[in-house]
Engineer: 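Provided herewith is a single structure, encoded as structure tokens, for subsequent inquiry.
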Protein chains: 2
Amino acid sequence: MKTNKEEVLQKALAVIWEQGYHDTSFQDLSDACGINKSHFFHYFKGGKEDLMTEILQLTHEVYIGMLKRLAETKELNTDEKLQKIKEKLIKMYTAKGPGNGCLMANTSLETTGKNYKFTPIVQAFFRDFIHYMAVIYQERHPVEHAQSLAEEVVQEIEGAIMLMRVFHDTSYLERALTRANR
Amino acid sequence: MKTNKEEVLQKALAVIWEQGYHDTSFQDLSDACGINKSHFFHYFKGGKEDLMTEILQLTHEVYIGMLKRLAETKELNTDEKLQKIKEKLIKMYTAKGPGNGCLMANTSLETTGKNYKFTPIVQAFFRDFIHYMAVIYQERHPVEHAQSLAEEVVQEIEGAIMLMRVFHDTSYLERALTRANR
DNA sequence: GTCTATAGGCGGATAGAC
DNA sequence: GTCTATCCGCCTATAGAC
């Protein structure tokens with residue numbers, strides 16, 4: 001079957017987001033992508049960890065890119081920016097139903113303790129997430145307060161995503177994002 | 001070697017808390033517990049999932065038991081109760097360093113998508129966590145507000161534990177628990 | 001670039017002696 | 001209750017034909 005790497009990456013992301021890193025085998029992935037198992041080693045020389053690294057980098061680009069563009073635009077006021085973020089994040093985190101949670105958090109928690117090389121990517125994600133939220137809060141609050149506000153809000157969002165997953169109820173995330181307008 | 005089930009359970013809990021469910025093999029566990037691999041199937045007829053179930057139940061008892069006792073005591077005022085919870089949770093969640101996070105959250109996120117039987121236990125944990133926090137907040141706030149306050153606070157605590165893990169920095173949890181005095 | 005075949009290892013689990 | 005031995009299957013990864 002004719003495929004390209006981008007497409008494979010997208011489909012693999014969806015499967016791993018749903019099933020988790022450890023619970024997804026190359027068999028699952030090749031079924032989902034319609035390519036042969038061994039073909040993954042052609043695309044991703046370093047095997048599963050390489051594949052996952054690229055998936056996480058892609059996720060970083062999509063989420064943080066969205067945030068950065070919103071934080072830096074002059075076309076919207078603060079209220080509108082926070083509203084837009086709310087809409088986007090709800091859409092992105094519930095696209096596949098309430099059950100998948102945050103891929104970054106999942107991966108981080110799933111790879112506790114042993115030597116995986118995902119930590120820097122996960123750290124960069126949350127650092128940037130907090131950073132761009134702080135940039136927006138600086139439109140209304142002094143710098144130091146904006147920073148701690150951003151940390152609180154990101155924590156609440158991540159906690160809400162986890163409870164959303166556990167109870168299969170999207171309202172946790174909606175309420176947390178409503179409270180994020182401060 | 002002479003052992004008993006309780007002891008094995010405690011040690012297995014520590015290893016799985018540190019390494020994660022999927023990344024811990026019976027080999028790891030038998031090394032840590034000083035008993036033979038196959039002995040686990042004597043203690044836990046249903047294999048790894050049974051072992052994990054008992055570990056999660058034990059965790060529920062320890063954490064929720066602590067909360068329940070504090071919520072129901074007449075000996076402390078609200079401030080003192082919240083202070084005590086802060087101290088206890090910091091101690092419990094950072095006992096093995098900042099890197100392990102919340103076993104319930106970890107397990108939940110690690111077992112996305114496939115058919116594990118841990119979901120009800122994890123749900124009970126968070127339901128009870130929120131419940132007893134709400135009981136305490138009712139000393140100061142109307143019932144409905146106490147409930148949503150408890151949900152917010154638990155979300156923030158869980159988000160803080162995750163960031164604590166990611167950045168190896170216990171101050172996230174400390175600040176979240178300081179803000180829990182409302 | 002895509003496939004077949006297969007290696008090599010480890011993980012969970014069982015049988016059964018003592 | 002504890003240990004030895006062992007099975008089976010799956011999983012990651014590689015070699016190599018086309």
Side-chain angles (χ1 to χ4, degrees), chain A residues 1-56 103 106-107 109-118 121, chain B residues 1-57 103 106-107 110-118 121:
Chain A
M1 190 193 219
K2 201 71 189 161
T3 51
N4 60 60
K5 194 176 170 179
E6 309 316 315
E7 199 182 330
V8 165
L9 209 50
Q10 287 284 355
K11 286 184 179 164
L13 188 157
V15 176
I16 291 183
W17 194 10
E18 189 189 331
Q19 299 196 344
Y21 178 73
H22 286 110
D23 261 352
T24 303
S25 66
F26 281 110
Q27 192 57 57
D28 294 330
L29 292 173
S30 68
D31 290 349
C33 298
I35 61 173
N36 194 278
K37 247 165 71 165
S38 63
H39 204 131
F40 284 95
F41 295 88
H42 177 254
Y43 283 143
F44 310 98
K45 309 278 180 239
K48 206 179 179 185
E49 218 165 322
D50 262 22
L51 164 64
M52 194 59 187
T53 301
E54 295 206 29
I55 285 177
L56 293 178
L103 180 63
N106 296 356
T107 306
L109 300 195
E110 224 183 316
T111 55
T112 300
K114 294 200 173 162
N115 288 328
Y116 296 94
K117 49 177 195 179
F118 307 138
I121 310 178
Chain B
M1 192 195 216
K2 202 70 189 165
T3 51
N4 60 59
K5 194 175 170 180
E6 310 314 316
E7 200 182 329
V8 165
L9 210 49
Q10 287 285 355
K11 286 184 180 163
L13 188 157
V15 177
I16 291 182
W17 194 10
E18 189 189 329
Q19 301 196 341
Y21 178 73
H22 286 111
D23 260 352
T24 302
S25 65
F26 279 111
Q27 192 56 56
D28 294 330
L29 292 172
S30 67
D31 291 348
C33 298
I35 61 174
N36 194 279
K37 242 167 78 163
S38 64
H39 204 132
F40 284 96
F41 295 87
H42 178 253
Y43 283 143
F44 310 97
K45 309 277 180 239
K48 207 178 179 186
E49 219 165 321
D50 262 22
L51 164 63
M52 193 60 186
T53 302
E54 294 206 32
I55 285 178
L56 293 177
Q57 281 161 348
L103 181 63
N106 296 357
T107 307
E110 223 183 317
T111 55
T112 300
K114 293 200 174 163
N115 287 328
Y116 296 94
K117 48 177 196 178
F118 306 138
I121 310 177

Engineer: Measure CD/B:Glu7 against P/D:dT2 and give the value in whole Å, please.
Structural biologist: 10 Å

Engineer: Rounded to whole angstroms, how far apart are CG on A:Asn36 and P on D:dA13?
Structural biologist: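 Taking atom P of D:dA13 as the reference, CG of A:Asn36 is at 15 Å.
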
Engineer: Tell me: CG of B:Leu29 to P of C:dA13, nearest whole Å?
Structural biologist: 12 Å

Engineer: Would you indicate whether the side-chain heavy atoms of B:Phe40 and B:Val8 approach each other to under 4.5 Å?
Structural biologist: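 The answer is yes, as the side chains (C-beta and beyond) meet within the 4.5 Å cut-off.
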
Engineer: For A:Lys37 and D:dA13, give me the distance from atom NZ to atom C1', rounded to whole Å.
Structural biologist: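 These atoms are roughly 9 Å apart.
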
Engineer: In Å, rounded to the nearest 0.5 Å, how long is the span from CD of B:Gln57 to CD1 of B:Ile121?
Structural biologist: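 The distance works out to 5.0 Å.
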
Engineer: Could you state the NE2-P distance from A:His39 to C:dT4, rounded to the nearest angstrom?
Structural biologist: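 Taking NE2 of A:His39 and P of C:dT4, I get 13 Å after rounding.
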
Engineer: Rounded to the nearest angstrom, tell me the gap between atom CD1 in B:Ile16 and atom C1' in C:dG12.
Structural biologist: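 Atom CD1 in B:Ile16 sits about 13 Å away from atom C1' in C:dG12.
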
Engineer: Report the distance from atom NE2 of B:His22 to atom P of D:dT12, rounded to the nearest whole Å.
Structural biologist: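 Between P of D:dT12 and NE2 of B:His22: 12 Å.
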
Engineer: Taking 4.0 Å as the cut-off, does a side-chain nitrogen or oxygen of A:Ser25 come that near to OP1 or OP2 on D:dC10?
Structural biologist: no

Engineer: Please state whether the base of D:dT4 and the side chain of B:Ser38 form at least one donor-acceptor pair under 3.5 Å?
Structural biologist: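 Donor-acceptor pair under 3.5 Å: yes.
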
Engineer: Would you classify B:Phe41 as touching base, sugar-phosphate or nothing, given that sugar-phosphate means primed atoms plus P, OP1 and OP2, and contacts are heavy atoms under 4.0 Å?
Structural biologist: base

Engineer: Using a 4.0 Å heavy-atom cut-off, does B:Ser30 contact any base of the nucleic acid, only the sugar-phosphate backbone, or nothing at all?
Structural biologist: nothing

Engineer: Which nucleotide in the set D:dT2, C:dC3, C:dA13 lies at the smallest distance from any side-chain heavy atom of A:Ile35?
Structural biologist: C:dC3

Engineer: The side chain of A:His42 lies closest to which of these nucleotides: C:dT2, C:dG12, D:dC3?
Structural biologist: C:dT2

Engineer: How close or far is atom C1' of D:dT12 from atom CG of A:Asp23, stated in whole angstroms?
Structural biologist: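 My rounded result for the distance is 15 Å.
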
Engineer: Using the six-membered ring wherever Trp is involved, compare the ring planes of A:Phe26 and A:Phe41 and label them parallel, tilted or perpendicular (cut-offs 30° and 60°).
Structural biologist: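 Tilted, since the angle between the ring planes falls between 30° and 60°.
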
Engineer: Give a yes or no on whether A:Asn115 atom CG has more than 12 heavy-atom contacts from other residues, nucleotides or ligands under 6.0 Å away.
Structural biologist: no

Engineer: Is there a side-chain contact between A:Tyr43 and the phosphate of C:dG1, meaning an N or O under 4.0 Å from OP1 or OP2?
Structural biologist: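 Negative; the distance criterion is not met.
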
Engineer: Can you find a heavy atom in the side chain of A:Ile16 that is under 4.5 Å from one in the side chain of A:Thr107?
Structural biologist: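 Not touching, per the 4.5 Å side-chain cut-off.
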
